[in-house]
Number of protein chains: 4
Amino acid sequence: MVRVALIGQGYVATIFAWGLSKIKAGKLEPSGVPLGNLDLGIGISDLEIVGSIDVDEEKVGKSLYEVAKMYGLEPEPELRDIYVSPGLALRSTPSFLKVKSLDSGRSLGDAYAKFEEWLDDVKPDVVIDVTSTVYSEPVLSWEEAEEKALKGILPHSQVYAYLLLRRGNLAHVNLQPAYVAGSPGFIKRAEQSRSLVLGDDGATGATPLTIDLAEHLKERNRKILSIAQFNIGGNTDFLALMDPDRNDAKEKTKSSFLKDILGYDPPHYIRPTGYLEPLGDKKFVSMHMQWISFGGFMDELVVNMRINDSPALAGYIVDLARLGFLALKKGLYGTLPEVNRFYMKRPGPMGARHVSKIRAYYDLVAFAEELKKK
Amino acid sequence: MVRVALIGQGYVATIFAWGLSKIKAGKLEPSGVPLGNLDLGIGISDLEIVGSIDVDEEKVGKSLYEVAKMYGLEPEPELRDIYVSPGLALRSTPSFLKVKSLDSGRSLGDAYAKFEEWLDDVKPDVVIDVTSTVYSEPVLSWEEAEEKALKGILPHSQVYAYLLLRRGNLAHVNLQPAYVAGSPGFIKRAEQSRSLVLGDDGATGATPLTIDLAEHLKERNRKILSIAQFNIGGNTDFLALMDPDRNDAKEKTKSSFLKDILGYDPPHYIRPTGYLEPLGDKKFVSMHMQWISFGGFMDELVVNMRINDSPALAGYIVDLARLGFLALKKGLYGTLPEVNRFYMKRPGPMGARHVSKIRAYYDLVAFAEELKKK
Amino acid sequence: MVRVALIGQGYVATIFAWGLSKIKAGKLEPSGVPLGNLDLGIGISDLEIVGSIDVDEEKVGKSLYEVAKMYGLEPEPELRDIYVSPGLALRSTPSFLKVKSLDSGRSLGDAYAKFEEWLDDVKPDVVIDVTSTVYSEPVLSWEEAEEKALKGILPHSQVYAYLLLRRGNLAHVNLQPAYVAGSPGFIKRAEQSRSLVLGDDGATGATPLTIDLAEHLKERNRKILSIAQFNIGGNTDFLALMDPDRNDAKEKTKSSFLKDILGYDPPHYIRPTGYLEPLGDKKFVSMHMQWISFGGFMDELVVNMRINDSPALAGYIVDLARLGFLALKKGLYGTLPEVNRFYMKRPGPMGARHVSKIRAYYDLVAFAEELKKK
Amino acid sequence: MVRVALIGQGYVATIFAWGLSKIKAGKLEPSGVPLGNLDLGIGISDLEIVGSIDVDEEKVGKSLYEVAKMYGLEPEPELRDIYVSPGLALRSTPSFLKVKSLDSGRSLGDAYAKFEEWLDDVKPDVVIDVTSTVYSEPVLSWEEAEEKALKGILPHSQVYAYLLLRRGNLAHVNLQPAYVAGSPGFIKRAEQSRSLVLGDDGATGATPLTIDLAEHLKERNRKILSIAQFNIGGNTDFLALMDPDRNDAKEKTKSSFLKDILGYDPPHYIRPTGYLEPLGDKKFVSMHMQWISFGGFMDELVVNMRINDSPALAGYIVDLARLGFLALKKGLYGTLPEVNRFYMKRPGPMGARHVSKIRAYYDLVAFAEELKKK
Ligand SMILES: NC(=O)c1ccc[n+]([C@@H]2O[C@H](COP(=O)([O-])OP(=O)(O)OC[C@H]3O[C@@H](n4cnc5c(N)ncnc54)[C@H](O)[C@@H]3O)[C@@H](O)[C@H]2O)c1
Ligand SMILES: NC(=O)c1ccc[n+]([C@@H]2O[C@H](COP(=O)([O-])OP(=O)(O)OC[C@H]3O[C@@H](n4cnc5c(N)ncnc54)[C@H](O)[C@@H]3O)[C@@H](O)[C@H]2O)c1
Ligand SMILES: NC(=O)c1ccc[n+]([C@@H]2O[C@H](COP(=O)([O-])OP(=O)(O)OC[C@H]3O[C@@H](n4cnc5c(N)ncnc54)[C@H](O)[C@@H]3O)[C@@H](O)[C@H]2O)c1
Ligand SMILES: NC(=O)c1ccc[n+]([C@@H]2O[C@H](COP(=O)([O-])OP(=O)(O)OC[C@H]3O[C@@H](n4cnc5c(N)ncnc54)[C@H](O)[C@@H]3O)[C@@H](O)[C@H]2O)c1
Ligand SMILES: [Mg+2]
Ligand SMILES: [Mg+2]
Ligand SMILES: [Mg+2]
Ligand SMILES: [Mg+2]
């Protein structure tokens, strides 16, 4: 059994919990789980959700069963027994949320202690951060993390990482854009505390596709002239991105890969663009690319997608929880570049070179098979 | 120096000849040449066009300089010295062409002998077949080829292959949909006559993209529900495909890959759809895919492209001529699956399994580097 | 009350029956009913389905309630009382249907008499033909209709028109591509038998949009260079169109409008292209247009749509039944060009000039208001 | 002869000047001129450019011939005789321009007087404002205009309007988003000074198409759920829009029409989104719409366009100059709603109701024919 705790019981975490329960009940195929058909030694049904954290007062205190209902999902009974506990709102939680958190009406120190109590209780093997997007800077040393956490100037995702790694003996998977696996301070600490940090920012939709299209063109030596990519959606993740700081967080994440893949940085405009409520979680993506073919002729490509944003990431969690647990068991600490490179938009550690996702996949499969054998 | 002969002096062959001369003159970058930046041991400027064959009376007897002008291209002077010689029209040449050929007013035997004279003259190391699309069946043995060729019931591309392999000591690259590298009879003969046959049907536009998109989805375990793909263009290649038989030739080629990549055959409609003159050589492609994501949610993707059809294939020829020559020199005979798998829609030999193009690329690069070292 | 009979209880007719019952029950808004918010003097709830005809053995004898269930719809109880009666299969019914019809095991004359018995029974004010697409030629005179009907060489939609007009005193709305309102013979007879024939071929999806886009460009004097339009779907209507004859029937219908709108006929390829089962009734449309702007610059537009094919036409029927009934009551016989021009792809009478749909709409509204006042 | 002066010798004005000269020389068809084939009584060749104003130091002092060359256009000799004079930069000119203007090193009063000298010289019948986009507020009275102009707090387009109307006896066409025809103060003054103001903001690309698509859906009573529209380009107009204030100016303009056409305001995101240099003047537009069809089914449409931005507006100027001149001659003063409604994104006067462009067109044609007869 793998004990999984979720931080940020939003759309992604809820689809994950719901879908996992359906797969375990034999009612759903593991579609959208990249390694769903590979024998990792740990089955999907070994995953057990043991705790959940949020700060939205509409969710705190509710069971995952009730939260799933809020999202219009038909849950399995097993979700009745897991309750959402209050987390740390700090200053980084989006202002459109009504907050109920450990740090309201408590000193920071007390709030952190409360969170550690929850951890003692829940004893997770793997923790997943899918809280709202937050703007952050890389944390260069453990001391910096410590100091800023205590001053209350570290955004929530980095505070969670700090508290989790202080405890140690777990795999922490950060799927939002905050610098966690991209923070040298956290990676070093993970090595010391027999832990793993994986991240940052799940690569599920337009980004990995753009990467693989760029690879496809590069393999034919077609020179890319420009890339424009728009994303618009109606879920609260897009709503959060209307805050320019958070949007910059994504922007940074999204365009760092082109130079690594292509060897040059083509002019590009790649950005989550807007919030449009009726689109819901099924975002609309539009992408335009133009390039030079043999003889100097100019070609053009447009991709339009409607993709369910949150299920895509939820499917990855099924793998990441298993891979994180397995690697820990086999004594791997710090981070796992082979894993990050496939699943993440800004794979840790800091400064790691991007490869195309389609290449990263085969490296991942080899890594997973190696791991199993260990 | 690599002596290259072209059969079918149409759009592809002319863009190739023109573009090669521009690259040699330092006026053009090798964009669209997949291995254009890799040191193969043979430079692009080692390629020399030494002969050209066609049956269109508007082209036969003209220099490549004049033919390039017909296509609105500004040619380099070196194209003045290469003339289009008449080929073999047989029954398979499209009926919209006014034909001037070796087999009009001559017995088949005499016509074939004339073609062999031309070969003696031209002494090609590499021959490229980019004649109009033709419908064919695989040729199972050399005897079958011989018999049918003499009866005049073999389509022109297979007759060219037959005559070339009878001579031997050359690399023959078939870029049109006829079964050449897909014919066991030809491959066996190539092994015996110190030759190579590469093919069939260049994979330049929507097909390799579809393959790599399918791979991209497979790697995430997303179940494809359907694929629709339309192609429409205004060049004579599309015009030729208005003939239902020729269209079937393409259809066969195009959809054989899905099962190999995905492990199942999703419902699909993939086909060159129509001829629309004002689109010219810049075809319009529209593709729709839908699949199941995690949790059973359905995603959708639409790709629309405007791509210059002929330059894309012309760029490949720059590689194929070099690879074919190099492999021969190193004593490889028969066919080269590692090469075919990347450049071709229906890679020979018959029954070879498709891999995604993005994987085939890395195998190709490894193969090319191996070859160089040999 | 308006007594409506349906011929061809397929997707369109069933969505219509189901949706009408939902609107009457106050459970659905009249979205997709063009004049749904206009007071015509006859309410939507005045429409009453009194009979239904089909030849599919899976439907004949079933209630509309059961048929709606077959299409995955949740029907209202009122559909329990209407049963599907057998119609006339003749030679024109698609071969993929297992047929149960009046003309199997009966002479044609007897079969026609049986159909007339049904008519006596049902006493429709308005009849709607939404049977499978059929290939036909215009019927120039009533005598021709009579003669061919008796010989059994008239396709089913024209036979239905013939039998209905022989009876007279009703409005017949032909929504499939057969020449009915486009047959001078039927229109003349309608004038004599105090009847109306409206048609042909409902204009619901890509065609009216193409028309209005063409109008939009014409109004800016932008010269259209080419139009490509693909349609692919997974309903039985698309399946029927796989038969080349039926496909031609649509092709004829679809491209006749460009010259009328633009004053010239731009090169175009407009066609239902294929059948792809998983798309179901929600077809995929892709359209490419390019034109010359000021100064000779070339612009391009691509439209991609996913549209529910059958609901679009079902919504029109709500109007057409009311308009047909109203016009009859006010003493209008023959056909109604003002109505046909908006709702139909090939508006009767034969040779009528197309106007853009957006213009036809305002003529229609004026006509409807005039009619009401009469 | 119609004496036309251009303010803002950018892409639009230069394409206009170049294209007009080509049409007059018989080398170009009047494609993209909406009323290009209508006999207005004034021919296209009656238009004569007599003056030009800009503040870009790269343009001031150059002939239109030289400016056209800067844009890569092959000009006609007649453009050699028209020179770009310096205008008024004020505070509203984009900061990326190196400015050479009447108001640098001069008091405002003196600068305005210099501009009036230019006017005395040039004696325009029609003036066209195609300067860079500027943010503004409506000017409610002439006194307000006067006061703010003298204080230097009126943006340049409103200052030009103020100076032109102070002079009177001319038609002023404002094609940029500033409130000119949308300013009651200017319209009233135009009535008094025997002048016309037409505007604001030319409706050339995605906006009028969106309007007509909305009309198309409304006519079928399809309920629009959401509209997303992105625009990205690489010309200096897009560059100017990177300034958030100017972007807001466009945003205001662009989305005001939906409620007027549809009767309700569907959730929408419509905005010029970004600047991407390699796209040049050929912008990329992507638009997504979804709506409810009959029975509650949801349909979707995506439009992707590559359109030459500036030629589209240049073609309109050919009409607007003629219509403005003609109307003045016939004694019409103030503004011309029938003209504005078709050509403009935010048609003056303030508060005028939008109609679909396709309707506005027929009103425009009727108005033009009426005018001619007067
Ligand atoms: N495909 C994807 O959906 C995708 C891909 C990559 C990254 N991500 C990232 O995943 C994260 C989650 O996405 P989502 O769609 O579930 O968003 P969501 O808005 O539905 O969920 C976020 C949840 O986090 C909670 N939260 C906010 N601040 C918190 C705090 N301080 N402590 C604990 N909980 C807090 C919110 O109340 C909410 O329930 C986002 O950061 C997003 O950027 C998502
Ligand atoms: N991207 C691509 O353009 C692409 C991709 C894959 C395959 N292909 C294949 O490449 C081939 C060439 O394409 P293209 O665009 O140049 O077409 P094309 O029509 O421009 O040229 C074909 C040429 O072959 C000549 N020809 C016809 N019959 C002949 C015969 N019997 N002997 C000698 N010459 C003959 C024609 O006269 C013509 O000049 C086609 O078969 C096409 O299917 C092209
Ligand atoms: N938007 C649209 O769906 C649209 C638009 C324009 C025209 N149309 C036309 O409407 C018609 C109906 O479309 P659909 O989607 O409902 O198709 P469908 O295939 O679902 O229904 C056709 C029905 O007609 C029945 N039928 C076949 N031959 C018959 C005969 N001889 N007598 C009586 N019934 C017969 C079939 O059994 C079937 O139930 C088609 O002809 C189509 O071309 C549809
Ligand atoms: N289709 C279209 O291109 C389109 C449509 C609607 C509106 N417009 C508007 O038309 C205008 C012109 O567009 P463009 O593409 O030609 O832009 P542009 O940037 O090419 O040209 C603008 C010109 O105005 C000049 N200018 C700036 N400030 C000035 C001032 N104070 N006085 C005089 N000249 C000044 C600039 O130097 C430049 O030459 C823009 O405001 C744009 O929003 C264009
Ligand atoms: Mg999300
Ligand atoms: Mg081709
Ligand atoms: Mg249909
Ligand atoms: Mg512009």
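Every heavy atom of this structure was used, including side-chain atoms; hydrogens, water molecules and symmetry mates were not. Chain letters run A, B, ... following the sequence lines, proteins first, then strands; residues in each count from 1.
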Between atom [atom1] of [X] and atom [atom2] of [Y], what is the distance when rounded to the nearest 0.5 Å?
X       : Y       : atom1 : atom2 : value
Y269(D) : L279(A) : OH    : CG    : 12.0 Å
M289(A) : F284(D) : CE    : CZ    : 12.0 Å
M287(A) : S286(D) : CE    : OG    : 11.0 Å

- Query: Got R306(D) and Q290(A) here, is their nearest side-chain heavy-atom distance under 4.5 Å?
  - Reply: yes

- Message: For E66(D), I'd like to know if atom CD has over 12 heavy atoms of other residues, nucleotides or ligands within 6.0 Å.
- Response: yes

- Which atoms form the tightest heavy-atom contact between L276(D) and I227(A), and what is the distance? CD2-O, 3.5 Å

